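Notes follow once the structure below has been shown.
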Amino acid sequence: MSRIGKKTITVPKGVTLTLNGQDITVKGPKGELSWTVADEIEVKQDGDELTLTPRSESQRANAMWGLSRTLVANMVTGVTEGFEKTLELVGVGYRAALKGNALSLQLGFSHDVDIAPPAGITFAVPKQTEIKISGIDKQAVGEIAAVIRKLRPPEPYKGKGVRYQGETVRRKEGKKK
């Protein structure tokens with residue numbers, strides 16, 4: 001029995017949720033998202049509440065139950081509030097800047113790294129060492145943040161690199177004489 005799947009999803013005011021078979025479309029003030037729920041899950045809408053239940057007691061149905069509920073809840077949250085991830089650049093000479101919509105990073109390579117934002121994603125650079133990634137799709141925001149972090153992950157000796165805000169880097173002791 002999924003504890004997450006049992007919870008109902010409340011649709012806030014200003015958000016329209018359209019159910020067409022297994023296809024769910026959520027429209028809100030920030031945009032529109034759609035997703036197809038797995039066939040093992042039954043979706044019911046009662047006014048402003050959405051309930052997901054498994055059609056059978058198979059292992060896949062139970063696995064998809066909580067996943068489907070979380071993905072639909074993230075869609076509702078995304079079109080109302082949106083999602084944001086913050087990255088920090090730590091290191092001498094590491095900095096970020098915006099070139100139009102694209103993000104330009106100086107990470108100690110011989111060249112600048114330019115990253116164009118995918119559809120629905122916006123970059124902001126409040127400080128040279130801070131990048132804010134925002135959008136309505138939680139997966140897309142997390143994925144582009146991971147791509148940027150992978151360019152120069154934090155290293156354990158000096159702690160230099162790109163890290164998530166609040167991420168702790170385990171430091172190692174250097175060489176001894």
Side-chain angles (χ1 to χ4, degrees), residues 1-89 96-103 105 115-127 129-150 162-168:
M1 218 46 181
S2 173
R3 288 187 217 151
I4 294 171
K6 284 188 220 174
K7 297 179 184 176
T8 59
I9 300 167
T10 56
V11 180
K13 299 262 190 267
V15 175
T16 57
L17 194 136
T18 309
L19 189 61
N20 184 12
Q22 294 295 97
D23 295 332
I24 295 177
T25 305
V26 182
K27 290 182 188 173
K30 292 205 176 235
E32 177 182 344
L33 291 171
S34 60
W35 184 64
T36 304
V37 180
D39 292 330
E40 291 89 0
I41 306 299
E42 184 179 350
V43 185
K44 293 179 188 167
Q45 186 175 8
D46 296 326
D48 63 342
E49 294 214 339
L50 196 71
T51 309
L52 285 83
T53 52
R55 293 182 197 258
S56 67
E57 288 297 317
S58 69
Q59 185 177 2
R60 177 169 162 75
N62 284 334
M64 296 303 287
W65 187 18
L67 173 74
S68 301
R69 190 255 175 223
T70 301
L71 291 175
V72 173
N74 283 344
M75 287 168 46
V76 172
T77 305
V79 297
T80 54
E81 301 162 23
F83 293 100
E84 184 177 89
K85 282 225 182 244
T86 305
L87 297 173
E88 297 171 340
L89 304 174
L98 284 176
K99 284 185 182 174
N101 289 338
L103 184 67
L105 300 170
I115 299 172
I121 301 292
T122 56
F123 295 127
V125 182
K127 294 189 276 184
T129 59
E130 191 175 296
I131 305 165
K132 289 192 182 285
I133 304 163
S134 56
I136 60 172
D137 189 0
K138 188 174 186 177
Q139 183 201 353
V141 170
E143 190 174 338
I144 195 70
V147 165
I148 293 171
R149 183 183 181 275
K150 196 173 182 182
V162 180
R163 61 174 81 165
Y164 297 113
Q165 187 176 36
E167 178 183 4
T168 56

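Model, not experiment: these values are computed from the prediction.
- Counting only heavy atoms from C-beta outward, the side chains of Thr18 and Ile24 never approach each other to under 4.5 Å.
- Closest heavy-atom contact between Val76 and Thr80: O-OG1, 3.0 Å.
- In terms of heavy-atom proximity, Thr10 sits nearest to Pro12 at O-CD, 3.4 Å.
- With a 4.5 Å cut-off on side-chain heavy atoms, Val11 and Glu49 do not count as touching.
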Check against side chain to side chain contact (heavy atoms under 4.5 Å, CB included), Glu57 and Asn62
CA-CA 7 Å; Glu57 288 297 317; Asn62 284 334; 4.2 Å; yes
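- Distance alone, capped at 3.5 Å, places no donor-acceptor pair between the Arg149 side chain and the Leu87 backbone.
- Here CD1 of Ile4 is found 11.5 Å from NZ of Lys6. Values are rounded to the nearest 0.5 Å.
- Across Met75 and Leu33, no two heavy atoms sit closer than the pair CE-O, 3.7 Å.
- Within the 4.5 Å cutoff, no side-chain heavy atoms of Ile41 are placed close to those of Leu67.
- Looking at Val141 and Ile121, their side chains come closer than 4.5 Å, going by heavy atoms from C-beta outward.
- For the atom pair OG1 (Thr36) and CG (Leu71), the distance works out to 11.5 Å, reported to the nearest 0.5 Å.
- With sequence neighbours left out, Asp48 forms a side chain to side chain donor-acceptor pair (under 3.5 Å) with no residue at all.
- In this structure, the side chain to side chain contact (heavy atoms under 4.5 Å, CB included) partners of Val125, at least two apart in sequence or on a different chain, are Ala96, Leu98, Leu103.
- With rounding to the nearest 0.5 Å, the separation of NZ in Lys127 from CG in Leu89 is 10.5 Å.
- Considering all non-hydrogen atoms of both residues, Phe123 and Ala116 come closest at CE1-C, 4.2 Å.
- Within the 4.5 Å cutoff, the side chain of Asp39 has heavy atoms near those of the Gln22 side chain.
- Between Val15 and Val26, the closest side-chain pair of non-hydrogen atoms falls below 4.5 Å.
- For Gln139, the CD atom sits in a loose shell: 12 or fewer heavy atoms of surrounding residues, nucleotides or ligands are nearer than 6.0 Å.
- Side-chain contact between Phe83 and Asp137: absent, with no pair of heavy atoms (C-beta onward) separated by less than 4.5 Å.
- Among all heavy-atom pairs drawn from Ile136 and Lys30, the shortest one is CG2-CB, 3.7 Å.
- Checked against Val43 for a side chain to side chain contact (heavy atoms under 4.5 Å, CB included), the options Leu17, Val37, Ile9 give a single hit: Val37.
- Judged by distance alone, with hydrogens and angles left aside, the side-chain atoms of Trp35 form no donor-acceptor pair with the main-chain N or O of Asp23 at under 3.5 Å.
- When all heavy atoms of Tyr164 and Ala146 are compared, the closest pair comes out as OH-CA, 3.6 Å.
- With rounding to the nearest 0.5 Å, the separation of CG in Leu105 from CD1 in Ile115 is 5.0 Å.
- The salt bridge (Lys or Arg N to Asp or Glu O under 4.0 Å) contacts involving residues 60-89 comprise Glu40-Arg60, Glu84-Lys132, where partners must be two or more places apart or lie in separate chains.
- Inspection of the Thr122 and Ser134 side chains reveals an N or O donor paired with an N or O acceptor under 3.5 Å.
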